[in-house]
Amino acid sequence: EGQLEQSLEVFTSARQVLQLLVEEFGEDEQALFELSQVEYWIGQVHLDLGRIEQADISFRAYADISQTLHEKAPDNADWTMEAAYAQSNLGNLESRRVPSDPQAVLQNFRSALKLNEEAARLDSKFERELAESHAYLADAWLGVCDLDQAMEQRLRNVELAAWYFEKNPASNQMKQDYAYALSG
């Protein structure tokens, strides 16, 4: 609700408590997950405040913790998808830098798609997110001037968005996703 500095104070306090829990119960996946979430939110607040470098620190911590969870339980679709989200966040963050590193953006979105595909194989609830992963990757390919790869990913985005729209044409979210895919 626009109270970013106050939110940052709360999230920073939560991080301190969660870090103590992780230190005490290092193998506790739920404590690690909660710590990853607070790192994400700290990063997001910094990003909203225009603090790219501070956002980078927290988003990388989120990515590291998410990767640890994924490695601890590679058959856990939720942890795999968290690792995908983390890579996507890093790609989005890098794309906002001036100047950005288009190769780093591409690598993050390639990793995000790969992890999203793994999560979707483990649990179909993550299949719908594949369309967006392909869209981000298409934009990353544009960033390195590979139009063929960009078009391939964009067409895959449209194909998936159309398929989900056809499954549920009354859903406003599916309509919006399909419209965004077509306009991409």
Side-chain angles (χ1 to χ4, degrees), residues 15 22 29 32-33 35-161 163-164 177 180-184:
R15 177 174 54 192
V22 167
E29 290 179 2
L32 280 170
F33 171 72
L35 180 58
S36 78
Q37 297 305 287
V38 80
E39 288 292 357
Y40 164 78
W41 283 108
I42 289 171
Q44 189 59 54
V45 170
H46 281 303
L47 186 59
D48 291 345
L49 290 168
R51 300 174 187 161
I52 298 286
E53 294 310 315
Q54 292 94 329
D56 183 67
I57 292 166
S58 287
F59 282 162
R60 288 191 187 286
Y62 168 50
D64 290 344
I65 297 166
S66 297
Q67 186 61 35
T68 297
L69 286 167
H70 173 58
E71 289 170 2
K72 285 170 85 76
D75 292 334
N76 183 319
D78 292 318
W79 298 160
T80 303
M81 198 62 207
E82 282 299 322
Y85 293 145
Q87 289 300 309
S88 186
N89 288 336
L90 290 173
N92 280 320
L93 182 67
E94 182 60 37
S95 71
R96 293 181 183 208
R97 289 184 192 274
V98 178
S100 68
D101 178 350
Q103 289 295 332
V105 174
L106 178 62
Q107 184 55 44
N108 287 124
F109 286 123
R110 289 173 97 176
S111 296
L113 175 60
K114 182 179 178 222
L115 288 160
N116 190 171
E117 289 171 336
E118 285 179 42
R121 278 192 296 277
L122 294 168
D123 189 330
S124 62
K125 73 182 179 184
F126 294 117
E127 288 176 351
R128 189 175 148 257
E129 300 198 42
L130 286 168
E132 187 173 9
S133 290
H134 282 283
Y136 280 130
L137 185 54
D139 292 343
W141 280 114
L142 276 177
V144 297
C145 298
D146 190 326
L147 300 181
D148 291 335
Q149 286 291 331
M151 180 60 87
E152 182 179 323
Q153 294 303 315
R154 186 58 65 189
L155 291 174
R156 185 69 178 131
N157 166 238
V158 170
E159 178 185 330
L160 289 167
W163 189 78
Y164 284 107
D177 290 351
Y180 286 156
L182 289 170
S183 67

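No hydrogens, no waters, no symmetry mates; every other heavy atom, side chains included, goes into these values.
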Checklist entry - More than 12 heavy atoms of other residues, nucleotides or ligands under 6.0 Å from CD of Q44: is that the case? => result yes

Checklist entry - Can you tell if the side chain of I42 reaches within under 4.5 Å of the side chain of Y62, non-hydrogen atoms only? => result no

Checklist entry - Within the distance-only criterion (no hydrogens, no angle test), does the side chain of N116 pair as donor or acceptor with the backbone N or O of F126 below 3.5 angstrom? => result yes

Item to check | Residues in side-chain contact (heavy atoms from CB on, under 4.5 Å) contact with Q149, at least two apart in sequence or another chain | outcome: W141, D146, E152, Q153

Item to check | Check: F33 main-chain N/O paired with S36 side-chain donor or acceptor under 3.5 Å | outcome: yes

Checklist entry - Rounded to the nearest 0.5 Å, what separation is found between the OH atom of Y40 and the CD1 atom of I65? => result 14.5 Å

Next on the checklist: Y180: which residues meet the ring pair (Phe, Tyr, Trp, His ring centres under 6.0 Å) condition with it, sequence neighbours left out?
Outcome noted: none

Checklist entry - Among all residues two or more places apart in sequence or in another chain, which pass the side chain to side chain donor-acceptor pair (under 3.5 Å) test with S66? => result none

Checklist entry - Hey, mind stepping through I52 and L93 against side chain to side chain contact (heavy atoms under 4.5 Å, CB included) and telling me if it holds? => result CA-CA 7 Å; I52 298 286; L93 182 67; 4.0 Å; yes

Item to check | Steps toward side chain to side chain contact (heavy atoms under 4.5 Å, CB included) verdict (D177, R128) | outcome: CA-CA 10 Å; D177 290 351; R128 189 175 148 257; 2.8 Å; yes

Next on the checklist: Salt bridge check, E53 against R97: does any charged N sit closer than 4.0 Å to a carboxylate O?
Outcome noted: yes

Next on the checklist: Check this for me, if you would: do R60 and D56 make a salt bridge, where the nitrogen-to-carboxylate-oxygen distance has to be below 4.0 angstrom?
Outcome noted: yes

Checklist entry - Do the non-hydrogen side-chain atoms of F59 and H46 ever get within less than 4.5 Å of each other? => result no

Item to check | N157 CG to E132 CD distance, which is reported to the nearest 0.5 Å | outcome: 9.0 Å

Next on the checklist: Can you confirm whether the side chains of Q87 and N108 place a donor and an acceptor under 3.5 Å from each other?
Outcome noted: yes

Checklist entry - Could you state the interatomic distance from CG (L147) to CG (L142), rounded to the nearest 0.5 Å? => result 6.5 Å

Checklist entry - Taking all non-hydrogen atoms of both residues, which atom of A86 and which atom of A63 are closest, and how far apart? => result CB-CA, 3.5 Å

Next on the checklist: Please report the interatomic distance CG(L32) to CG(D64), rounded to the nearest 0.5 Å.
Outcome noted: 11.5 Å

Checklist entry - Mind checking whether E82 and L69 have side chains closer than 4.5 Å, heavy atoms only? => result no

Item to check | Which atom of T80 lies closest to which atom of L115, heavy atoms considered | outcome: CG2-O, 3.3 Å

Item to check | Electrostatic pair E118:R121 at N-O distance under 4.0 angstrom | outcome: no

Checklist entry - Roughly how far, to the nearest 0.5 Å, is CG of L90 from OG of S88? => result 9.0 Å

Checklist entry - Is there a side chain to side chain contact (heavy atoms under 4.5 Å, CB included) between L137 and L106 once you walk through the steps? => result CA-CA 7 Å; L137 185 54; L106 178 62; 3.6 Å; yes

Item to check | Least distance between heavy atoms, A161 atom then A131 atom | outcome: N-CB, 4.1 Å

Checklist entry - Strictly by modelled atom types, are S100 and E94 linked by a side-chain donor-acceptor pair under 3.5 Å? => result no

Next on the checklist: Looking at R15 and E39, is any side-chain nitrogen of the basic one under 4.0 Å from a carboxylate oxygen of the acidic one?
Outcome noted: yes

Checklist entry - Where do E117 and K114 land on the salt bridge (Lys or Arg N to Asp or Glu O under 4.0 Å) test, with the steps shown first? => result CA-CA 5 Å; E117 289 171 336; K114 182 179 178 222; over 6 Å; no

Checklist entry - Hey, are the side chains of V105 and Y136 touching, using non-hydrogen atoms and a 4.5 Å cut-off? => result no

Item to check | side chain to side chain contact (heavy atoms under 4.5 Å, CB included) between H134 and R154, worked out | outcome: CA-CA 7 Å; H134 282 283; R154 186 58 65 189; over 6 Å; no

Checklist entry - Are E71 and W79 linked by a side-chain donor-acceptor pair shorter than 3.5 Å? => result no

Item to check | Q103 and Q107: side chain donor to acceptor below 3.5 Å | outcome: no

Checklist entry - Are any of the side-chain heavy atoms of S133 and F109 separated by less than 4.5 Å? => result no

